[in-house]
Participant: 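I am attaching a structure below and will ask some questions about it afterwards.
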Protein chains: 2
Amino acid sequence: MVSDDLFADPPEDTQEEILQAAFEVLQEQGYSGLSIQRIADKVGLQKASIYHHYSDKDDLLLSFVDHILDRMESDLIRTADVSPKTQLEGILDSLLLDERANTSTVEISPPSDDLLRVFIQIRAQATHNSDYQDRIAAIDERHEEHLAAIIQRGIDAGEFRDVDPNQVATALSTFILGSFSQRATRTQVSLEPVHKSIYSYLENSVYV
Amino acid sequence: MVSDDLFADPPEDTQEEILQAAFEVLQEQGYSGLSIQRIADKVGLQKASIYHHYSDKDDLLLSFVDHILDRMESDLIRTADVSPKTQLEGILDSLLLDERANTSTVEISPPSDDLLRVFIQIRAQATHNSDYQDRIAAIDERHEEHLAAIIQRGIDAGEFRDVDPNQVATALSTFILGSFSQRATRTQVSLEPVHKSIYSYLENSVYV
DNA sequence: TTTTACCAACCGAACGTTTGTTAGTCTTGT
DNA sequence: ACAAGACTAACAAACGTTCGGTTGGTAAAA
């Protein structure tokens with residue numbers, strides 16, 4: 001199995017190497033298999049050495065989650081100097097289509113399957129851990145605000161009808177999350193029907 | 001914290017009591033905290049006694065997952081002797097609205113928040129465990145088929161346009177899953193915008 | 001330039017606890 | 001008396017964490 005990197009560039013210091021190792025372990029073993037020993041093995045360190053870089057497991061996990069969620073958010077939220085309709089469709093194309101089918105003019109690299117799986121697992125921790133809950137809620141809110149702002153711009157520009165930006169944004173983010181969850185937990189999910197349906201919704205209910 | 005029962009009636013035998021205990025532990029501690037010791041404590045048994053009812057932890061977890069997914073599926077899939085449009089809206093109302101706001105004529109009890117949280121956690125296991133992947137995929141497929149059948153009936157009855165039943169069903173199930181995921185991982189999620197948007201989609205893109 | 005001091009990085013070994021699991025024993029209802 | 005069901009006790013393995021020691025390189029002191 002080939003795993004892509006947690007960092008765009010190869011990790012420079014040991015701290016980043018450790019987070020990258022945690023990323024791979026989480027992918028292979030799941031959250032319950034994410035132990036110091038396994039991370040140390042993956043980096044090629046003794047597990048005692050981990051404690052030279054992180055005070056304890058909680059510290060490590062917190063840094064890890066921050067890194068993952070930052071990365072996720074940067075995939076979700078991008079500004080672009082194009083018309084609202086073009087920007088919105090660029091976002092949906094990148095998030096809901098296979099890369100090869102993506103002919104969008106707006107360049108948005110979609111989250112990889114690896115990142116998506118890890119994201120879904122972190123999200124699942126939010127069901128019983130309020131720290132995670134807060135972080136997840138923050139991401140969701142910023143994502144929705146980002147979409148709402150685009151829709152508001154579309155209304156102002158006369159491209160969109162006078163819809164409720166927040167309502168449409170919430171619907172879109174719910175849809176995107178559902179698609180992420182399916183991609184992460186099933187194999188061979190066809191993104192086409194979902195993509196077509198949301199375009200149908202936009203054409204018939206949002207666009208002028 | 002008050003947890004609702006995994007079983008409609010109070011569990012009769014010890015096996016069911018154990019599964020109910022696992023349900024509560026999973027809710028409080030998450031999947032990584034789901035140990036034999038904690039389950040035994042919750043039932044009021046010694047942990048060795050668990051092995052009188054289940055051969056090992058894997059056996060217990062498999063039974064547990066089966067029970068949860070069966071219950072989830074029974075909440076998702078119900079037949080009703082009403083018009084396709086009424087049935088579809090009954091399903092969406094029950095899954096995407098608060099109970100008190102649910103004035104649907106079709107009686108479908110929605111999955112409780114507790115069940116939803118546990119479902120999302122089990123789903124997350126599917127990211128790295130192929131056994132879980134298969135079960136999750138099976139549920140999703142049956143759910144989509146159920147929705148597609150309703151839509152097909154709607155088309156035949158002249159209530160719906162000549163849409164692709166599978167495409168619309170996939171979109172609906174994606175949407176529902178996204179809503180579940182948000183409800184399970186965030187507090188105070190307003191279901192109203194999502195509900196309104198999907199009705200808008202149906203009226204403008206599906207209904208005649 | 002050589003010597004000294006220092007510090008970050010890593011390692012090996014051990015700690016107490018919790019994990020899943022097994023064996024043997026006692027208790028209870030039929 | 002018999003079997004089902006619960007118990008106590010113990011096991012090896014894995015867990016997170018700590019301690020003390022060994023490097024290697026860098027910077028100050030001689």
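In what follows, chains are A, B, ... by sequence order, proteins preceding strands, each numbered from 1.
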Participant: Under 4.0 Å: is that the gap between some side-chain N or O of A/H52 and OP1 or OP2 of C/dA9?
Facilitator: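 A/H52 to C/dA9 OP1/OP2: side-chain N or O found under 4.0 Å.
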Participant: Can you tell me if B/H53 touches the phosphate of D/dA4, counting only side-chain N or O atoms and a distance under 4.0 Å to OP1 or OP2?
Facilitator: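 For D/dA4, OP1/OP2 do not have a side-chain N/O of B/H53 under 4.0 Å.
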Participant: Measuring from atom CG of A/D75 to atom CD1 of A/I91, what distance do you get when rounded to the nearest 0.5 angstrom?
Facilitator: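 Here the interatomic distance stands at 12.0 Å.
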Participant: I need the CD-C1' distance between A/Q37 and C/dT17, as an integer number of Å.
Facilitator: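 After rounding, the gap between these two atoms is 16 Å.
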Participant: Nearest-Å distance, CD (A/E17) to C1' (C/dC10)?
Facilitator: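 Computing the A/E17:CD to C/dC10:C1' distance gives 13 Å.
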Participant: Would you indicate, yes or no, if D/dG5 has its OP1 or OP2 atom less than 4.0 angstrom from a side-chain nitrogen or oxygen of B/T14?
Facilitator: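 Indeed not, no polar side-chain atom of B/T14 lies that close.
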Participant: Nearest whole Å is fine: how far is D/dC15 P from A/D56 CG?
Facilitator: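 Result: 17 Å.
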Participant: Once you round it to whole Å, what is the distance between P of C/dA9 and OH of A/Y54?
Facilitator: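 Atom OH in A/Y54 sits about 12 Å away from atom P in C/dA9.
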Participant: With the side chain of B/I36 defined as its heavy atoms from C-beta on, choose the nearest nucleotide among C/dC10, D/dT18, C/dG20.
Facilitator: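 Comparing C/dC10, D/dT18, C/dG20 against the side chain of B/I36, the answer is C/dG20.
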Participant: Send over the distance from A/I39 CD1 to D/dC15 P, rounded to a whole Å.
Facilitator: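 One finds 11 Å between P of D/dC15 and CD1 of A/I39, rounded.
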Participant: Give a yes-or-no answer on whether the side chains of A/Q125 and A/Q121 include a donor-acceptor pair shorter than 3.5 Å.
Facilitator: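 Result is no, nothing qualifies.
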Participant: Using atom CG of B/D59 as one end and atom P of C/dG20 as the other, report the distance to the nearest whole Å.
Facilitator: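 Distance check: B/D59 CG to C/dG20 P gives 14 Å.
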Participant: Rounded to whole Å, how long is the line connecting atom CD1 of B/I50 with atom C1' of C/dT22?
Facilitator: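 From B/I50 CD1 to C/dT22 C1': 15 Å.
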Participant: When you get a sec, tell me which of C/dT21, C/dC11, D/dG16 is the closest nucleotide to the side chain of B/K47?
Facilitator: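 So the nucleotide nearest the side chain must be C/dT21.
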Participant: Got a second to check how far B/Q152's CD is from B/F160's CZ, nearest 0.5 Å?
Facilitator: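 Answer for the CD-CZ pair, B/Q152 versus B/F160, is 11.0 Å.
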Participant: Is the phosphate of C/dC10, meaning OP1 or OP2, less than 4.0 Å from a side-chain N or O of A/Q46?
Facilitator: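 Answer is no, no contact under 4.0 Å.
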Participant: B/K57 has a side chain; which of C/dC10, C/dT21, C/dT22 sits nearest to it?
Facilitator: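 So the side chain of B/K57 is nearest to C/dT21.
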Participant: Looking at D/dT17, C/dT19, C/dC11, which one has an atom nearest to any side-chain atom of A/L45?
Facilitator: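 Among D/dT17, C/dT19, C/dC11, the one nearest the side chain of A/L45 is C/dC11.
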Participant: Are side-chain N/O atoms of B/S181 and A/S181 paired as donor and acceptor at under 3.5 Å?
Facilitator: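 Looking only at side-chain atoms, A/S181 and B/S181 do not form any donor-acceptor pair under 3.5 Å.
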Participant: What is the distance, rounded to the nearest whole Å, between atom CZ of B/R38 and atom C1' of C/dG20?
Facilitator: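 Taking CZ of B/R38 and C1' of C/dG20, I get 14 Å after rounding.
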Participant: Side chain to side chain donor-acceptor pair (under 3.5 Å) between B/Y51 and B/D59: does it pass, once the steps are laid out?
Facilitator: CA-CA 10 Å; B/Y51 289 83; B/D59 181 29; over 6 Å; no
Participant: For the side chain of A/Y51, starting at C-beta, report the closest nucleotide among C/dT19, D/dT18, D/dC15.
Facilitator: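 The closest nucleotide is D/dT18.
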Participant: What does A/S49 touch in the nucleic acid at a heavy-atom separation under 4.0 angstrom: a base, only the sugar-phosphate, or nothing?
Facilitator: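 Touches a base.
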